[in-house]
Each structure stands twice: as structure tokens, then as C-alpha cells.
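Structure, as C-alpha cells:
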Amino acid sequence: MSLLLAFLPFIVFAVANGFTSPTLALFLAALVSLVLLLRDRLILGKAPKILDIGTTILFGGLALCVLLGGAMESIFAVRLAVDAGLLAIVLISIAVRRPFTLQYAREQVAHEFWDNPVFIRTNYIITSVWALAFTVMAAADAILLYAPEIPTNVGIVATIAALAGAVRFTGWYPKRVRQTAGG
């Protein structure tokens, strides 16, 4: 549940973008990101997570950029910036050897498993699948931005398929690893 909550700013951005301007959607997502980050730290006493910090910086930075006159010409340009930013957060988490899913997974398993190589490897794999999903999303945004003759539905289908695949894999793969380890 915690991992799904971390994606709330992206959901707010997507929904708000359908009802208002991309600029306002960015500001709303930045606000939600900041509220979640502060909630975890100040109310729940949890250490900030890589995804939460990155999301706050991403939406806050994009909102500030637009506010300072860096208007983005189309919704696809804004979506590309958001999805590419999300991909960058995930890739950075891998590069610094702290795959973003690891922080969420540690909330669900006993402390004794935290340093288990299989547990860590599982999180690298799950994080890599999310990186693949975000790559597909960014590619779909780029295609819609630079090839406007492509129907918008192509991007929508690609995004939904990528996210559904990552969510499904995230639920399935740890169970598969446990079954394999148990057998």
C-alpha cells in the first residue's frame, strides 16, 4: 500500500491534467508530493524514501520552471518531462545501489531478511521492471509529442499496459522467488 501511495502525486497529476491546465496539475502534484514527504517524516517518523524525495524535487522543479516562464507547449511535453523524470529517479536509485522498491519491501518483511542477497536481488529486478515500464511511458510520450499523426490512444494503451505489467510483476515475482526458495 505504501508503494501505491508513493505514486499518488502522479495520479493527481494525471487526473488534474484532464480537468485543468498542465501548470496547475504540476503544482497540485508538487503539493501532494511535499505533503506525503512531510507526513512520513514528521507524523509517522519514517526516513524519507528515494521515490518520495525524487517526486517532490521533480514536480516542484517542473512547477517552478513553468512558473519562471518555461512554458511547455503541449501536454505531451509535460508528460514526457514527468515520465522521464520518474525514470531518472528509478535509474538513480539503482545507480546508488538502493533500488527504490527496497525501502517499501523492508516495511513488509522481518529485519532479518533485509540484507539477504536474494531479497536484495529481488528488489533490483522489480525496480528494473518499473524502469522498463517508465521507459515505455516516456517513449510513448515522445512519440505522441514528435509524431502528432499517431493517435493519442496509442500512448494511453502503452501507458496502461506498462503500468499494469509493472504492478502485476511486483505482486507476482516475490511470491515466485519465495516458492523457488522453499522448493
Side-chain angles (χ1 to χ4, degrees), residues 1-16 26 28-63 79 81-140 158-183:
M1 183 62 170
S2 181
L3 179 59
L4 293 177
L5 190 60
F7 288 111
L8 183 61
F10 296 93
I11 295 167
V12 166
F13 169 75
V15 171
L26 286 171
L28 290 172
L31 178 63
V32 170
S33 298
L34 183 60
V35 166
L36 289 175
L37 187 64
L38 293 174
R39 172 191 155 267
D40 282 355
R41 184 69 184 140
L42 301 176
I43 296 173
L44 301 178
K46 294 180 179 180
K49 293 181 176 64
I50 292 170
L51 184 60
D52 296 336
I53 294 168
T55 299
T56 302
I57 292 169
L58 172 64
F59 281 115
L62 288 172
R79 284 180 35 190
V82 168
D83 291 342
L86 183 54
L87 174 60
I89 293 166
V90 171
L91 293 175
I92 289 168
S93 81
I94 292 171
V96 299
R97 302 176 50 89
R98 293 183 52 119
F100 88 94
T101 59
L102 189 61
Q103 292 173 303
Y104 299 96
R106 284 182 172 164
E107 292 177 346
Q108 298 180 9
V109 300
H111 192 284
E112 64 198 52
F113 295 109
W114 288 14
D115 295 322
N116 181 305
V118 173
F119 178 72
I120 293 171
R121 181 175 167 273
T122 298
N123 279 279
Y124 271 104
I125 291 169
I126 293 170
T127 298
S128 296
V129 167
W130 280 99
L132 177 61
F134 300 140
T135 300
V136 168
M137 292 167 57
T159 296
I160 291 170
L163 289 175
V167 167
R168 185 173 173 113
F169 186 84
T170 300
W172 169 81
Y173 189 69
K175 293 173 188 169
R176 171 85 165 100
V177 170
R178 282 191 297 273
Q179 288 173 345
T180 303

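All values below were derived from every heavy atom in this structure, side-chain atoms included, with hydrogens, water molecules and symmetry-related copies excluded. Computed from a predicted model, the values in this text were never measured in an experiment.
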Next item on the list: Find the distance between CG (Asn116) and OG1 (Thr122) and round it off to the nearest 0.5 Å.
Entry: 8.0 Å
Note to self: To check you understand the geometry: which heavy-atom pair defines the closest contact between Ala138 and Ala84, and what is its length?
What the structure shows: CB-N, 4.3 Å
Check: In a check of side-chain contact (heavy atoms from CB on, under 4.5 Å) between Pro9 and each of Val35, Thr56, Val32, which one passes?
Finding: Val32
Checklist line | Non-hydrogen side-chain atoms of Leu86 and Leu51 separated by less than 4.5 Å | finding: yes
Check: OG1 of Thr180 to NZ of Lys175: how many Å apart, nearest 0.5 Å?
Finding: 14.0 Å
Margin query: Let's go through Phe134 and Asp83 carefully: what are the C-alpha distance in whole Å and the side-chain angles of both, what is the deciding distance for side chain to side chain contact (heavy atoms under 4.5 Å, CB included) to 0.1 Å, and is it a yes or a no?
Written below: CA-CA 6 Å; Phe134 300 140; Asp83 291 342; 5.9 Å; no
Next item on the list: Looking only at non-hydrogen atoms, find the nearest pair between Ala81 and Leu58 and report the distance.
Entry: O-CD1, 4.0 Å
Item checked: Leu28 side, atom CG; Phe13 side, atom CZ - distance, nearest 0.5 Å -> 10.5 Å
Margin query: When you compare the side chain of Val82 with that of Phe10, does any pair of heavy atoms fall below 4.5 Å?
Written below: yes
Notebook entry, point to check: Are the side chains of Val12 and Ser33 in touch, meaning some heavy atoms are under 4.5 Å apart?
Noted result: no
Next item on the list: Keeping the roles fixed (side chain from Asn123, backbone from Phe119), state whether a donor-acceptor pair exists under 3.5 Å.
Entry: yes
Item checked: Residues, nucleotides or ligands: over 12 heavy atoms within 6.0 Å of Arg106 CZ -> yes
Item checked: Residues in side-chain contact (heavy atoms from CB on, under 4.5 Å) contact with Ala47, at least two apart in sequence or another chain -> none
Item checked: Test side chain to side chain contact (heavy atoms under 4.5 Å, CB included) applied to Arg121 and Val177, step by step -> CA-CA 10 Å; Arg121 181 175 167 273; Val177 170; 5.8 Å; no
Margin query: Minimum heavy-atom separation for Ile89 and Ile50, please, with both atom names.
Written below: CG2-O, 4.2 Å
Check: How long is the span from the CG atom in Leu36 to the CG atom in Leu31, to the nearest 0.5 Å?
Finding: 9.5 Å
Margin query: Can you tell me how far apart CG (Leu34) and OG1 (Thr55) are? Round to the nearest 0.5 Å.
Written below: 12.0 Å
Notebook entry, point to check: Can you list the residues that meet the side-chain contact (heavy atoms from CB on, under 4.5 Å) rule with Asp52, with sequence neighbours excluded?
Noted result: Ala6, Leu37, Asp40, Lys49, Tyr104
Checklist line | Any Ile94 side-chain heavy atom under 4.5 Å of Ser128 side chain | finding: yes
Next item on the list: Mind listing the closest non-hydrogen atom pair of Pro48 and Gln103 along with its distance?
Entry: O-NE2, 3.7 Å
Under 3.5 Å, side-chain donor or acceptor atoms of residues 160-170 against the rest of the protein: list the pairs with distances, not counting sequence neighbours.
{"from": "Thr170", "atom 1": "OG1", "to": "Trp130", "atom 2": "NE1", "distance (Å)": "2.7"}
{"from": "Thr170", "atom 1": "OG1", "to": "Ala166", "atom 2": "O", "distance (Å)": "2.7"}

Note to self: Ignoring hydrogens, what is the shortest heavy-atom contact between Ser93 and Phe100? Give both atom names and the distance.
What the structure shows: OG-N, 3.0 Å
Item checked: Heavy-atom pair of closest approach, residues Leu5 and Arg39 -> CD2-NH1, 3.7 Å
